[in-house]
Structure formats: C-alpha cells, structure tokens
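Read the structure below first, then the notes.
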Amino acid sequence: MNEAIKPGPETPSQAIGLPHLSVVVPTFNERDNVTKLYQRLVTTFGATPFEVVFVDDNSPDATWEVVRELAQRDPRVRCIRRIGRRGLSGACIEGILASSAPYAAVIDADLQHDETQLPKMLSLLESGQAELVVGSRYIEGGSADSFNKQRAGASALATEVAKRTLGVKIADPMSGFFMIRRDRFEQLAPQLSTQGFKILLDIIATARGELRTVEVPYTFGSRLHGESKLDSMVALDFLGLVLAKLTHDVISLRFILFGMVGTTGLVVHLTTLYIAHEILNVPFAEAQGLGAFVAMTSNFILNNFLTYRDQRLKGFAILRGLILFYLVCSVGLFANVGVAFSVYDQEPIWWLAGLAGALMGVVWNYAMSGLFVWRKR
Ligand code: GDD
Ligand code: MN
C-alpha cells in the first residue's frame, strides 16, 4: 500500500518537490540577517531542491516573524518557533529531526559561515565519500581571521582538549558549520545533549569514530548584523560535555553542572558559617542553619543561570522556584543524613559514610529539582 505514495524511480523525489537537503539555521535575535541568508541559499542551490528550517527560540526581536513572512512566499522556508527553551545545540537537533530529507546541514544565521561550500559538502555525502562533512577553519585553505586574540586562543585550547581527552581526530571539532546524513544523525540523536553550543563535537564524540568524516576548508567571516551569543558560560558547558562523554554518558552534562554548583555551595556554606560563628559570635546551630540557607540560595541562583539556563526561570517564577528548591533541599538533607547514618552503622568509617550521604543528597536534589523546580514546560 505504501508503495503507492513512495516516489519510485518513475517519480523521482525532485519531480514531486521533495527536498534533497535540509539547511537548519538556529536563530536568536537575527532579524536583520535571515533574509540575506535565505537569498544567498537560493542563489547557491539553483535547481537543487532544498529546504531551509529556521529554529528560533522566540527571539525578542521577533526573528520568527521575518521567517514566517519568507515562508509565506516560499514553501522551501520553514520556521520552528520554540517557546520557553533556549540553546543552540537543542535548536539544531530539533531542526534536523524536523526534516525528512536525506541530508541535513547546520549553518549560522549571521553569514559567518560560507554557504557557497554547501554544494561541495552535499556532493561528498551523495558520493558516499563521507557521512559527515565539516566546514573547517583549521585545515589548509581555511581560516578564522575575524577572531580576536582571546577568542582564537580559547578556540585553539578547546580544540586541543577535545582531541586529547575524547580522541577526536578532525582539525575543527568546534565548528558550527557541517552537513550530515540524516539517518546517521537520527541514530545518534537520543544520546546528544540538548544543552550548550558544541553540537558538532557532541556528534563526533558520541559516534566514537564510527562516522566517516571529511573536512572542507572555509573562511570564518564577520557577523553581518547583531552580536554573538557566546558568553563565558560556554566554557563550562564545554567542560561538562567533555566529562559527560568521558564517562560514556553515565553522568549527564546537567548533572555535572549541578554537581559543580553544589561544590561552590559547600564553600559558600563554610564561609557563611565561619563569618557568623567565628566573627559575629552567632551560636553554632543558628550559624549552621544560616550557612545552609545562604548556600541553598546561591545554589539556586547559579543553577538558574548555568545548569538550567535553557529553562531559566524569570520574574515571579523565580520566587516560586526558590521556595520549591528550599523544600527539595531540606528533604535532601534528611536523605543525606539518613544514608550516612546507615552506612556508618554498617561500616564505621566517617568519610565513607559522609561521602555516601552527600552523594545521596546531591542525587536526590538533582532528581527532584528537575521534576519540580525546573520542570520542562
Ligand atoms: N535557536 C537558538 N537558540 N539559536 C541560537 C542560540 C539559542 O540559544 N544561541 C545562538 N544561536 C544562533 C545564533 O542566532 C546564530 O545564528 C548561531 O546560533 C551562532 O551563534 P553566534 O552567537 O553567532 O555564535 P558565534 O559566532 O560566536 O560562534 C559560532 O562559531 C563558533 C566557532 O567558533 C557558532 O557557530 C559556534 O557553534 C561555533 O563553535
Ligand atoms: Mn556568529
């Protein structure tokens, strides 16, 4: 029965207008760039049937509105407007999964990537020479001259770390410009992290050498309009991703970030305790309680900014989230002490019991925070 709707050899996919390639463009505040990119894609592809999927995280500048207007004039343009979510990697994943074309590319909206390389990248996939083609700044013929010194240094360092720790072989795993066979992507997708910026690195690390990859040189240009969304948090995202991949995804990126925040909480707690008890002469019990309270508050703020930045609570939701977070952590403390006691009962080694209790506390807080405080809307 299905045969009837399948484009057989007598009705090639071109004839019924099916796209051969999906170009996925993540956007956040790119209103002034999207039309220009669209025009350039049209020029680049000529008769090759393609579609372009913009994935916009409900940009305050209403980029999605501009995309919708384009889409009303050209069926090759599609727009996914995501609400209550943020993140470059997640946007790319959703865009690729929304397509059914055999090949998918990811390209930035700001024209820093060179779209004229796309046909070459496509032919490398079509000929079977590659399953993944990466636009590379760091092979002969490529460059990133538009980078300032600091950005160039950070990029080189991250690339080196990725190569050494994850055994990544290619020259530019940090690139945000690539094309992949969609069926291969679909296999890897469930293991990819929706958080962070490093979607390509994640794909390569997750494939563990099982993805035939070819690099194509290009020159990383300057942004047309607007500004970069990369901030200092990106470095932490990157480290978290490396750790997650090193543990074969046993530990998720989010859990690692949550754990890192928890560690800072310990320092905040002890500092508060010291100031209150040693300097201000507050009795120990009160000082300890105050320490826990301040640490929970700072943990909440940091988690909202870092661990759950893609689902960041804003406005009144912050207060509600904070109160829920206090509740979750208070119960977590009981779990912590309970486990520590029972371990100590079996094996009276103080640090082992303490560690087991602390671990239980973190796991509990993490699981419950995800369920109640930063639950997916
Ligand atoms: N949907 C969505 N959500 N899109 C986003 C988000 C987000 O949270 N953050 C950024 N984008 C979009 C931007 O609108 C742009 O189209 C693209 O992702 C790249 O973001 P930029 O802010 O321009 O990043 P960059 O130029 O500093 O970094 C680029 O180059 C790096 C290589 O050095 C990106 O391609 C990085 O992924 C890449 O590593
Ligand atoms: Mn950019």
Side-chain angles (χ1 to χ4, degrees), residues 23-38 40-41 52-64 66-67 78-98 105-115 134-138 142-159 161-162 168 170-179 192-204 218-235 237-238 241 308-312:
V23 181
V24 173
V25 188
T27 58
F28 194 76
N29 286 345
E30 304 286 4
R31 173 179 193 101
D32 299 330
N33 293 324
V34 287
T35 307
K36 182 94 189 167
L37 176 69
Y38 158 74
R40 288 209 191 168
L41 289 174
V52 49
V53 183
F54 289 90
V55 188
D56 186 64
D57 286 355
N58 202 25
S59 296
D61 79 351
T63 303
W64 46 272
V66 182
V67 177
R78 291 168 51 205
C79 175
I80 299 177
R81 176 183 173 195
R82 307 199 305 166
I83 293 178
R85 272 175 296 166
R86 265 304 298 277
L88 178 52
S89 290
C92 295
I93 293 171
E94 240 168 89
I96 300 177
L97 292 181
V106 170
I107 188 167
D108 289 354
D110 55 10
L111 306 172
Q112 288 191 279
H113 296 156
D114 179 2
E115 78 289 343
V134 174
S136 178
R137 298 159 291 178
Y138 305 137
S143 69
D145 298 338
S146 63
F147 266 169
N148 60 26
K149 261 217 178 99
Q150 195 193 0
R151 193 61 207 266
S155 178
L157 180 67
T159 304
V161 170
V168 168
I170 72 165
D172 194 0
M174 301 298 146
S175 176
F177 182 34
F178 61 93
M179 196 184 289
L192 300 177
S193 163
T194 54
Q195 252 190 308
F197 260 79
K198 299 301 164 203
I199 172 81
L200 177 65
L201 176 63
D202 198 358
I203 291 173
I204 295 171
Y218 83 99
T219 301
F220 190 69
S222 303
R223 205 170 226 288
L224 185 65
H225 295 288
E227 54 193 36
S228 169
K229 281 96 209 171
L230 253 72
D231 55 22
S232 49
M233 296 294 190
V234 169
D237 268 339
F238 169 73
L241 181 63
Y308 290 97
R309 67 214 285 263
D310 53 333
Q311 301 167 49
R312 191 172 290 167

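Note that the structure is predicted; figures quoted are calculated from it, not measured. Whatever order the structure lists them in is the order used to number ligands and atoms, beginning at 1. Keep in mind that the numbers below use all heavy atoms, side chains included, and drop hydrogens, waters and symmetry copies.
No side-chain heavy atom of Arg312 sits under 4.5 Å from any side-chain heavy atom of Arg86. Within the 4.5 Å cutoff, side-chain heavy atoms of Ser155 are placed close to those of Arg137.
Between Ile170 and Pro173 the shortest heavy-atom distance is O-CD, 3.6 Å. Closest approach of Val134 and Phe178 over heavy atoms only: CA-CB, 4.2 Å.
If you look at ligand 1, the protein residues with a non-hydrogen atom under 4.0 Å away are Pro26, Thr27, Phe28, Glu30, Val55, Asp57, Arg86, Gly87, Leu88, Ala91, Asp108, Ala109, Asp110, Gln112, His113, Arg137, Phe147, Arg151, Met174, Gly176, Phe197, Lys198, Phe220, Arg223, Ser228, Lys229, Leu230.
In this structure, OE1 of Gln112 and OD2 of Asp110 enclose an angle of 90° at the Mn ion (ligand 2), rounded to 10°.
The aromatic rings of Tyr218 and Phe177 sit perpendicular to each other, their planes meeting at more than 60°, with 30° as the lower class boundary.
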Chi angles and distances behind the side-chain hydrogen bond (donor to acceptor under 3.5 Å, both in side chains) call for Ser193, Asp202: CA-CA 7 Å; Ser193 163; Asp202 198 358; 4.7 Å; no
